[in-house]
Amino acid sequence: MPETVVVIGAGICGVSTAIWLQRAGHRVTLIDRAAPGAGASYGNAGLMAQWALVPVSTPGLIRTGLKYLADPGSPLFLQWRRLPEMLPWLAQFSLRANDRDTRHTAQALLPLVGDSVDQHRALAAGTGAEKWLQDSDVSFAYPTRAAFDADHYSWALREEAGLRPEIVEGAKVQEAEPILGDAIRCLAVLRGHGHIADPGAYVTALARGFEGIGGHIVRADVKDVQIENGQIAAVDTDAGRFACGRAVLAAGIHSRPLMRKLGLKVPLIAERGYHLMFRNPSQMPRNPMMMTTGKFAVTPMQGGLRCAGTVEFSHPDAPPSPKPLRLLRRHAARAFPGLRHDAVEEWVGSRPSTPDSLPFIGEIGATGIFAAFGHQHVGLTAGPKTGRWVAGLISGQPPNTDLSPYDPCRYG
């Protein structure tokens, strides 16, 4: 009988890994202190963002970041009392704001996100999650054509990856997306992408599909891992000990303390994102949009219209800040002046972010513990591919992809 593989974390990365492992014939136990899909996987923008290969740390970041921090109307927020503990991470992050490192990150992200729609469809096949996958285009909304032209660096990187936008200008913008007001005069449209109509329900349905093929889900808080002769032997939780021959660490920002127990102090911080869900909206966009003023995504969903975005460097357990939510409301009102709704729900969650904008994927040394976390803005997009790669490594069928950029020990 095969040894059990324990997967720690029931977000999109953990559930994806568990499904691919179970399909490969392993015995899999999925452990999380919360219900599947209850963390960052619940509140994201729901985009299968095949275009999301441009990191935040592009050339000019330091100048732009300082300007944003000084501007109360910018989408970047920092809890200043936490600045001392974040300085080492911010220093590494800032050092990567150059063309060479940006291109390295973009090239590493492309195989992870570039076929996201196909990867989600393969993952969800035969489960109740399939119904949540939607084909769609995505539009980047700019106030003017000049604003689009000023964004040439990012678009050049995307075009090198084969992502060439169709430009819509002037009155044709409102013909394409009637929800938009006159503040938006240019759209850069990418055809043939997709989104998820309810990310929380989607991950929950995937978890049910995992159970349907023999997988085991445990609601428990992981406390420690037991290493014997340099190899994982068990995972300790507040619900008992679970013996295993392999383990996968896919707990997002909560992976950091477990990495410390393995002797690795990974540079991982909480880059918090917010969303507003407009219930029963009077208008809906025809397709998802990225609003370049305010830096947030707009996605039509089963439960309403979701506006998700902003960046807040903070502690993951800190209470929500009112400023990012007010900013989202203000930008949404400007972009959609005719929008009416019955109610607005607010949410905040923590993206696990690394200084080089690349996740940790692969075995941690030779311990039999595999990392699958740290995806920053692309967790939902890259979760299925991450799970497939990790399951392949555990099954002795490594992917035909260079995984060294994601090495979980790359910071020492």
**Request:** Measure the shortest side-chain to side-chain distance between Thr381 and Gln50 over non-hydrogen atoms and say whether it is less than 4.5 angstrom.
**Result:** no

Correct closest heavy-atom pair for Pro359 and Arg410 would be O-NH1, 3.2 Å

Test: Asp236 and Lys223 ion pair at under 4.0 Å: no

Return the orientation label for the Phe313 and Phe93 ring planes: parallel under 30°, perpendicular over 60°, tilted otherwise. perpendicular

request  = Using a strict cut-off of less than 4.0 Å between a Lys/Arg side-chain nitrogen and an Asp/Glu carboxylate oxygen, indicate whether Arg286 and Glu177 qualify as a salt bridge.
outcome  = no

Please test Phe373 against His254 for ring-ring contact (aromatic ring centres under 6.0 Å, His included), starting from the C-alpha separation and ending with a verdict. CA-CA 9 Å; Phe373 66 92; His254 302 292; over 10 Å; no

task = Tell me, please, whether Trp20 has Arg388 positioned over its six-membered ring: NZ or CZ under 6.0 Å from the ring centre and within 45 degrees of its axis?
result = yes

Pairwise side-chain contact, Pro300 with Pro288, heavy-atom cut-off 4.5 Å (strictly under): yes

query: Are the side chain of Gln231 and the backbone N or O of Ile227 linked by a donor-acceptor pair below 3.5 Å?
result: no

When every non-hydrogen atom of Phe278 is compared with those of Cys307, the smallest separation belongs to CE1-SG, 3.7 Å

**Q.** Salt bridge Arg121-Asp135, side-chain N to carboxylate O under 4.0 Å
**A.** yes

Note to self: Go through it in stages, so that I can follow the logic: the residues are Arg158 and Phe140, the test is side-chain contact (heavy atoms from CB on, under 4.5 Å), and I'd like the CA-CA distance, side-chain angles, deciding distance and then a yes or no.
What the structure shows: CA-CA 13 Å; Arg158 295 188 187 107; Phe140 289 71; 3.9 Å; yes

Between His216 and Phe210, is the ring centre distance below 6.0 Å?
no

_N-O pairing of Glu160 and Arg103 below 4.0 Å_ = yes

Counting distance only, does the side-chain N/O of Thr310 pair as donor-acceptor with the main-chain N or O of Leu328 below 3.5 Å?
no

Taken to the nearest 0.5 Å, the spacing of Leu112 CG from Thr386 OG1 works out to 4.5 Å

| said: Could you check whether any side-chain heavy atom of Leu163 comes within less than 4.5 Å of a side-chain heavy atom of Leu53, counting everything from C-beta outward? | reply: yes

Measure from the side-chain N and O atoms of Ser116 to the backbone N and O of Val113, and report whether any donor-acceptor pair falls under 3.5 Å. no

task: Would you indicate whether the side-chain heavy atoms of Met259 and Leu249 approach each other to under 4.5 Å?
output: yes

Check this for me: does any side-chain nitrogen of one of Arg279 and Glu345 sit under 4.0 Å from a carboxylate oxygen of the other?
yes

Exercise. What do the steps show when you test Met290 against Leu47 for side-chain contact (heavy atoms from CB on, under 4.5 Å), and what is the final call?
Worked result: CA-CA 10 Å; Met290 294 298 300; Leu47 301 177; 3.8 Å; yes

Worksheet item: When you measure from the side chain of Glu363 to the backbone N and O of Gly368, does any donor-acceptor pair fall under 3.5 Å?
Response: yes

Heavy-atom closest pair (Gly39 atom, Trp347 atom, distance to 0.1 Å) is O-CZ2, 3.6 Å

### Message
Within a 6.0 Å radius of atom CZ on Arg23, are there more than 12 heavy atoms belonging to other residues, nucleotides or ligands?
### Response
yes

Whether the side chain of Ser395 engages the backbone of Gln397 through a donor-acceptor N/O pair (distance < 3.5 Å, no angle test) should be reported. no

A side-chain contact here means heavy atoms from C-beta on lying under 4.5 Å apart; do Val5 and Arg27 qualify? no

_Donor-acceptor contact below 3.5 Å, side chain Arg219 vs main chain Arg33_ = yes

Query raised in the report: Does atom OH of Tyr42 have more than 12 heavy-atom neighbours from other groups under 6.0 Å away?
Result: no

One should read off an interatomic distance between Ser136 OG and Ile196 CD1, to the nearest 0.5 angstrom, of 10.0 Å

Can any side-chain N or O of Lys385 pair as donor or acceptor with the backbone N or O of Gln119 at less than 3.5 Å? no

In this structure, CD of Gln134 is separated from CE of Met301 (nearest 0.5 Å) by 10.5 Å

Salt bridge (charged side-chain N to carboxylate O under 4.0 Å, His left out) pairs touching residues 43-57, sequence neighbours excluded, are none

Point to revise | Flag side-chain contact, heavy atom, 4.5 Å: Ile31 against Val7 | key: no

Leu403 backbone acceptor or donor facing Thr401 side chain under 3.5 Å: no

**Prompt:** Is a donor on one side and an acceptor on the other found under 3.5 Å between the side chain of Thr292 and the backbone of Ala141?
**Reply:** yes

Can you confirm whether the side chains of Glu312 and Tyr274 place a donor and an acceptor under 3.5 Å from each other? yes

Side chain to side chain contact (heavy atoms under 4.5 Å, CB included) with Ser357: of Arg96, His377, Gln376, only one passes, and it is Gln376

query = Are there more than 12 heavy atoms of other residues, nucleotides or ligands under 6.0 Å from atom CG of Asp342?
reply = yes

Minimal heavy-atom distance between Ser16 and Leu123, with the atoms involved, is OG-CD2, 3.2 Å

Value for OG1 (Thr127) from CG (Leu206), rounded to nearest 0.5 Å, stands at 5.0 Å

Is any side-chain heavy atom of Leu190 closer than 4.5 Å to a side-chain heavy atom of Asp137? no

Please answer whether the main-chain N or O of Ile184 pairs with a side-chain N or O of Gln174 as donor and acceptor at a distance below 3.5 Å. yes

Are Val248 and Ile394 close enough that some pair of their side-chain heavy atoms sits under 4.5 Å apart? yes

With side-chain contact (heavy atoms from CB on, under 4.5 Å) as the test, would you mind laying out the steps for Thr293 and Tyr142 before giving the verdict? CA-CA 7 Å; Thr293 301; Tyr142 291 90; over 6 Å; no

Hey, mind stepping through Arg334 and Met291 against side-chain contact (heavy atoms from CB on, under 4.5 Å) and telling me if it holds?
CA-CA 11 Å; Arg334 185 169 181 268; Met291 313 304 294; over 6 Å; no

Leu95 and Asp101 have their tightest heavy-atom pair at O-OD2, 3.9 Å

Inset, instruction - Can you label the angle between the Tyr406 ring and the Trp389 ring as parallel, tilted or perpendicular, going by 30° and 60°? - result: tilted

dist Arg306:CZ -> Asp198:CG (nearest 0.5 Å) comes out at 7.0 Å

| said: Less than 4.0 angstrom from a charged side-chain N to a carboxylate O is my criterion; do Glu175 and Lys172 meet it? | reply: no

Point to revise | Within 6.0 angstrom of Arg164 CZ, more than 12 heavy atoms from elsewhere | key: no

SG (Cys409) and CG (Leu264) are apart, to the nearest 0.5 Å, by 5.0 Å

query: Can Ser282 and His341 be counted as having a side-chain donor-acceptor contact under 3.5 angstrom?
result: no

Of all heavy-atom pairs linking Pro384 and Ile12, the shortest is CD-CG1, 4.3 Å

